[in-house]
Amino acid sequence: MATATGTPDLKNSHAALHSRHLAVLPDWLATYYQEPIELTHGEGRHVWDAEGNRYLDFFGGILTTMTAHALPEVTAAVREQAGKILHSSTLYLSRQAVDLAERIARLSGIPDARVFFTTSGTEANDTALLLATIYRRSNQILALRNSYHGRSFTSIGITGNTAWSPTSLSPLQTLYVHGGVRSRGPYAHLSDAEFTAACVADLEDILGQANGQVAALIAEPIQGVGGFTSGPDGLLGAFKRVLDRHGILWITDEVQTGWGRTGDHFWGWQAHAESGPPDILTFAKGIGNGLSMGGVVARAEVMNSLTANSISTFGGSPITTAGALANLTYLIDHDLQGNARRVGGLLRSRLEAIAAALPVVTEVRGRGLMLGIELAEPAAANLVLEAARAGGLLVGKGGRAGDALRIAPPLSLTIAEAEEGAAILEDALKQAQSQLDPAGSRGGAA
């Protein structure tokens, strides 16, 4: 369970800070927990809050602390760069930006790739949409139902998750296709092959109704905010064969699935790779390990289709690219993708065994260290979130109804830490089961 050290300063308590937060920040700015907490420092896979409590971190600041908290190699790179120059903008050459772009271009799998750095995944997806609509001279975009691609005005316009879409206004005309959720909807009863065929038929039907040419399909290989849902392997590749016939671009949103998190692949799109790489790839979150880093990779002819003047004040800044380079080097040198596959496989097996005895859990899904637990109702997710925190574990929440737990620890997670986290989750799930169905829980234990 969470352990506190020392005596908390009442002036700096969570309650006092939350009161100030409510007085000055927007009402719609969501926070976790009935009594929100402030995280003050971290090390490895653990973080501490302002009142001295220690937690095992299974969410990494929304899949952003990719390697480890306070990773010495990243800290050293940032400290060294901070002593030289923090900022210059893209109006000047940057050795770190070129070094990082070269590495990402090679890793992307996209031929003749060009890289543009941004400060977030939202900005990366905005840029990808700008490039696609200019290249194709169309504002029509295909997106998956239950999707999420950012909080800007443009990216909200392609968000298929209504819980995160506050307006129907958009500069884009978005056409939503099936395929983001395997276990629900009209095709859930089908086999994987039949599911894929039905989704492809749906895509063909929508294209037949489109008014003019469509610019691009944007898709998360595993839907993040949607609750770590996905279609079968190969689905996006089947889509790409249709898209290629029409000249439509494929944008893969790798903001959450990139950098080896899924274990089996370095990029999520590689689970659908029989039709070749995407035309555009967006990334963010984990590459910076907490630094504000995102970007777009695209074929040169697509990237260079932008003809107006354009720069970035903060994208690819010296300090973020220095930290990202150190982070990427550590990830590859220590085979954290392999660790995500091994430890993630063990963690999923453990969670599936736990879920088998608890009716409150309807599905365990995901791959690598990107695992989702869907629960029978949203109230259960809130109960588990609170109980896990009280037990010393931080997890995330997602799904259109807020009924799924999101488990995405740093990729350096150890087997012992995976077992520890699974044990805390088991207790939290049992507590939720008992609170939602006390009579059934007593009967099951008799």
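Numbers here are sequence positions counted from 1. Basis for what follows: all heavy atoms, side chains included, without hydrogens, waters or symmetry-related copies.
Annotation: Glu43, atom CD; neighbour count of heavy atoms from other residues, nucleotides and ligands within 6.0 Å does not exceed 12. Atom CG of Leu91 has more than 12 heavy atoms from other residues, nucleotides or ligands within 6.0 Å. Counting non-hydrogen atoms of neighbouring residues, nucleotides and ligands closer than 6.0 angstrom, the CG atom of Leu22 exceeds 12 such neighbours.
Two residues are said to be in side-chain contact when any heavy atoms from C-beta on lie closer than 4.5 Å; Phe228 and Gln223 fail this criterion.
Checking each of Leu413, Thr65, Asp57 against Arg45 for a side-chain contact (heavy atoms from CB on, under 4.5 Å) leaves exactly one that passes, namely Leu413. The one candidate from His265, Gln270, Arg367 that meets the side chain to side chain donor-acceptor pair (under 3.5 Å) condition with Asp233 is Arg367.
Ring-plane geometry between His87 and Phe314 is classed as tilted, the angle between the planes lying from 30 to 60 degrees on a 0 to 90 degree scale. Between His21 and His18, the angle of the ring planes lies from 30° to 60°, which puts this pair in the tilted group.
Under the 3.5 Å distance criterion, the side-chain polar atoms of Ser155 are left unmatched by any main-chain donor or acceptor of Thr122. A donor-acceptor contact shorter than 3.5 Å links the side chain of Glu386 to the backbone of Gln34. Side-chain N or O atoms of Thr90 include one that pairs as donor or acceptor with a backbone N or O of Ser312 at under 3.5 Å. Not a single donor-acceptor pair under 3.5 Å links the side chain of His69 to the backbone N or O of Gly42. Side-chain atoms of Asp264 do not come within 3.5 Å of backbone N or O of Arg341 as any donor-acceptor pair. Using a distance-only test at 3.5 Å, with no hydrogens or angles considered, no donor-acceptor pair links the side chain of Asp205 to the main chain of Ala201. Using a distance-only test at 3.5 Å, with no hydrogens or angles considered, a donor-acceptor pair links the side chain of Arg182 to the main chain of Ala188. A donor-acceptor contact shorter than 3.5 Å is absent between the side chain of Glu220 and the backbone of Glu254. For Arg365 (side chain) and Gly227 (main-chain N/O), a donor-acceptor pair under 3.5 Å exists by modelled atom type. Proximity of a side-chain donor or acceptor of Ser349 to a complementary backbone N or O of Gly345 within less than 3.5 Å is detected.
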Open item on the list: Before you tell me yes or no, could you show the steps for Lys240 and Asp244 under salt bridge (Lys or Arg N to Asp or Glu O under 4.0 Å), namely the whole-Å CA-CA distance, both residues' side-chain angles and the distance that decides it to 0.1 Å?
Closed with: CA-CA 6 Å; Lys240 186 177 186 296; Asp244 286 347; 2.9 Å; yes
Task: side chain to side chain contact (heavy atoms under 4.5 Å, CB included) assessment of Leu394 paired with Tyr33 - done: CA-CA 10 Å; Leu394 305 184; Tyr33 311 119; 3.3 Å; yes
Task: Worked check of side chain to side chain donor-acceptor pair (under 3.5 Å) between Gln337 and Arg342 - done: CA-CA 9 Å; Gln337 177 185 338; Arg342 292 185 295 272; over 6 Å; no
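For the side-chain hydrogen bond (donor to acceptor under 3.5 Å, both in side chains) condition, the pairs that include at least one residue of residues 75-85, sequence neighbours left out, are Glu80-Lys84, Gln81-Gln96. Identified under the side-chain hydrogen bond (donor to acceptor under 3.5 Å, both in side chains) test for residues 157-181, with sequence neighbours left out: Arg145-His178. Among pairs with a residue in residues 130-140, those fulfilling side-chain hydrogen bond (donor to acceptor under 3.5 Å, both in side chains) read Tyr135-Glu301, at least two apart in sequence or across chains.
Between Phe283 and Trp259, the ring center distance clears the sub-6.0 Å criterion.
Taken to the nearest 0.5 Å, the CZ atom of Arg151 stands 6.5 Å off from the CD1 atom of Ile156.
There is a side-chain donor-acceptor pair under 3.5 Å between Glu417 and Thr414.
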